[in-house]
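Along the sequence shown, the residues carry numbers beginning at 1. Order of listing sets the numbers, starting from 1, for every ligand and every atom in it.
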Amino acid sequence: MISSLRGMNDILSDEYKRFTYFIEVATEIAKRYGFHFIETPLLEETALFKRSVGESSDIVGKEMYQFIDKGENDVCLRPEGTAGVVRAFIQKKLDRAGGIHRFFYHGAMFRYERPQKGRLRQFHQFGVESFGEASVYEDANMIMMVGDILKALGIGYRLKLNSLGDNNCMPAYRENLVYFVNKYKDSVCEDCTRRLYTNPIRVLDCKNEKCQDIYKDAPKLINCLCSSCNNDFDILKKILADNNIAYEIDTNLVRGLDYYSKTAFEFVSDNIGSQSAIAGGGRYDRLVEFLDGKATPAVGFAIGIERLMELIVMPTETRIGYYIGALEDEALNLVVKVAHKKRESDVVTIDYKSKNLKNHLKAADKVNAKYCAVIGSNEMQNETIWLKNLEDKTEQVLLLKEF
Ligand code: HAM
């Protein structure tokens with residue numbers, strides 16, 4: 001038997017209901033915030049992710065589904081959504097058009113990680129990207145939007161917040177940090193030694209306990225922000241407080257992708273085990289220019305849908321549509337014809353096997369239909385249909401032309 005690949009799951013039945021409910025709720029809220037749908041390809045040039053997510057990141061360094069296609073192109077299944085949206089934004093010359101452009105998307109992402117609970121090789125994100133708005137109010141908007149989505153789904157969370165500074169303050173901080181870590185060069189792990197040369201601030205979110213012990217005394221970026229970053233961070237904290245959104249400052253929150261500057265945030269859940277990050281995002285003001293577009297401020301986030309699945313509080317299911325069945329084989333053709341017409345406006349399930357009324361009622365209940373309708377020889381003769389409302393249990397016989 002051929003099974004699905006490790007870390008790649010099927011989504012069906014009850015899970016599919018949760019999945020589509022999540023997409024519906026998140027889409028509705030993203031639209032309320034003025035975002036528009038964007039779809040980008042699953043496959044992109046590898047160079048796009050190397051340049052945006054960054055060569056020093058684990059994602060690019062270890063986790064890409066990268067291959068050479070039949071045309072000798074070096075391509076890669078997208079490990080995240082931001083890079084593709086930025087590429088599309090530039091390719092469609094929206095960077096030159098000016099103004100604010102807000103997009104949302106959802107779809108499969110691929111990372112060759114070691115699979116475990118909450119960590120898949122193919123997973124799904126719902127993300128948004130906002131271009132052209134430099135105000136920190138937009139950062140707050142992003143955080144409030146994630147908060148609204150999680151609230152609508154009945155999901156509790158903790159919000160972690162940090163600022164990664166900008167071109168003014170980050171380089172000096174980086175130097176400070178490198179100076180500090182160099183003092184412990186022989187004690188930190190191999191990954192941190194490598195990060196010291198590729199992207200030093202990534203040492204701060206090293207999972208090695210010994211390293212974390214050392215970094216407790218490392219200089220904190222939050223204490224080294226320039227006045228503009230500091231000011232924005234203060235405003236952000238005030239907006240969140242004014243809107244009753246609780247947050248924790250996490251000075252080690254540096255995010256696993258290299259494109260961020262200023263605001264960085266992560267939503268975590270304490271109810272799903274070690275892979276606790278349910279959403280992450282932040283500002284990435286340098287990325288559009290870095291990918292050869294016109295410099296454009298940008299901010300966004302992505303929610304990991306699989307990590308939320310078991311936390312979603314589903315609304316109580318209401319019965320919908322019709323179940324239509326035949327009492328005798330001769331009525332089947334008419335059932336199909338009536339169902340075809342009814343489907344112009346309603347959800348209709350048909351049973352292709354004739355059976356008695358009791359069994360049809362059972363089957364209608366199973367598919368959660370609101371009405372069970374049946375046609376037998378009597379009904380055929382009289383051009384009628386027998387109908388039961390499975391909610392209020394009323395029964396009636398209708399003329400087919402009135403059904
Ligand atoms: P990220 O933090 O890498 O950010 O991913 C966002 C979310 O995707 C995570 O918080 C997590 O819930 C989920 N996720 C990540 N990896 C896996 C995995 N292997 N299995 C299951 N779920 C996973 C980004 O991808 C950025 N593009 C977010 C962003 C948008 N920043 C700005 N705009």
Side-chain angles (χ1 to χ4, degrees), residues 5-9 11 19 22 26 30 35 38 40 44 48-49 52-54 57-60 62-65 77-89 101-131 133 138-139 141-143 145-146 149-150 155 157-160 162 164 202 205 253-269 271-288 297-311:
L5 296 173
R6 225 179 134 219
M8 299 198 174
N9 289 344
I11 303 173
F19 190 88
F22 169 83
F35 284 71
I38 184 170
T40 63
E44 298 268 7
L48 174 66
F49 301 110
S52 54
V53 177
S57 67
D58 284 350
I59 295 177
V60 170
K62 305 178 191 166
E63 298 168 0
M64 297 234 278
Y65 275 89
L77 281 170
R78 63 182 184 192
E80 58 101 53
T82 309
V85 176
V86 173
R87 184 216 25 81
F89 175 76
H101 302 268
R102 296 188 171 101
F103 301 104
F104 73 90
Y105 53 89
H106 45 83
M109 310 290 158
F110 303 83
R111 297 183 191 176
Y112 197 83
E113 298 200 69
R114 200 168 45 76
Q116 64 177 85
K117 185 175 182 308
R119 195 203 273 149
L120 297 163
R121 288 183 174 167
Q122 177 176 337
F123 59 99
H124 295 79
Q125 286 185 345
F126 181 95
V128 316
E129 314 294 347
S130 163
F131 297 98
E133 183 54 86
E138 187 72 346
D139 307 30
N141 233 7
M142 297 289 134
I143 292 172
M145 199 192 313
V146 184
I149 292 173
L150 297 178
I155 299 174
Y157 61 81
R158 278 188 298 122
L159 166 62
K160 294 184 181 181
N162 195 16
L164 300 176
R202 288 294 320 280
D205 74 349
L253 178 70
V254 291
R255 308 275 299 126
L257 309 98
D258 291 353
Y259 45 64
Y260 293 107
S261 54
K262 292 191 162 181
T263 307
F265 58 86
E266 234 163 57
F267 285 73
V268 297
S269 163
N271 302 319
I272 52 170
S274 64
Q275 299 306 309
S276 60
I278 49 180
R283 192 159 268 288
Y284 50 95
D285 288 346
R286 294 181 298 241
L287 185 57
V288 176
V299 57
F301 68 78
I303 300 177
I305 304 180
E306 278 83 355
R307 291 199 185 161
L308 292 185
M309 292 282 252
E310 63 187 79
L311 302 174

Atom pairs, nitrogen or oxygen, ligand 1 to protein, under 3.5 angstrom:
from, atom 1, to, atom 2, distance (Å)
ligand 1, 2 (O), R255, NH1, 2.9
ligand 1, 2 (O), R255, NH2, 2.9
ligand 1, 3 (O), R111, NH1, 3.1
ligand 1, 3 (O), R111, NH2, 2.9
ligand 1, 4 (O), R255, NH2, 3.0
ligand 1, 5 (O), Q125, NE2, 3.1
ligand 1, 8 (O), Q125, NE2, 3.2
ligand 1, 10 (O), A279, N, 3.4
ligand 1, 12 (O), A277, O, 2.8
ligand 1, 12 (O), I278, O, 3.4
ligand 1, 12 (O), G304, N, 3.4
ligand 1, 16 (N), R111, NH1, 3.4
ligand 1, 19 (N), E113, OE2, 2.6
ligand 1, 19 (N), L120, O, 2.8
ligand 1, 20 (N), L120, N, 2.9
ligand 1, 25 (O), R111, NH2, 3.2
ligand 1, 25 (O), Q125, NE2, 3.0
ligand 1, 27 (N), E80, OE1, 2.6
ligand 1, 27 (N), T82, OG1, 2.8
ligand 1, 27 (N), Y259, OH, 2.9
ligand 1, 31 (N), Y260, OH, 2.6
ligand 1, 33 (N), T82, OG1, 3.2
ligand 1, 33 (N), E129, OE1, 2.8
ligand 1, 33 (N), E129, OE2, 3.2
ligand 1, 33 (N), F301, N, 3.3

Problem set entry | Distance-only polar pair, side chains of Q125 and Y105, donor-acceptor under 3.5 Å | no
Exercise. Is the closest side-chain donor-acceptor distance between S261 and Y284 under 3.5 Å?
Worked result: no
For this session: Quick one: sort the F103 and H101 rings into parallel, tilted or perpendicular, breaks at 30° and 60°.
Result: parallel
For this session: Just say parallel, tilted or perpendicular for the rings of F126 and H106, cut-offs at 30° and 60°.
Result: parallel
Problem set entry | Any pair counted as salt bridge (Lys or Arg N to Asp or Glu O under 4.0 Å), so long as it reaches residues 102-118, sequence neighbours left out | R102-E138, E113-R119, K117-E310
Exercise. So, S274 and Q116: side-chain donor and acceptor under 3.5 Å apart, yes or no?
Worked result: yes
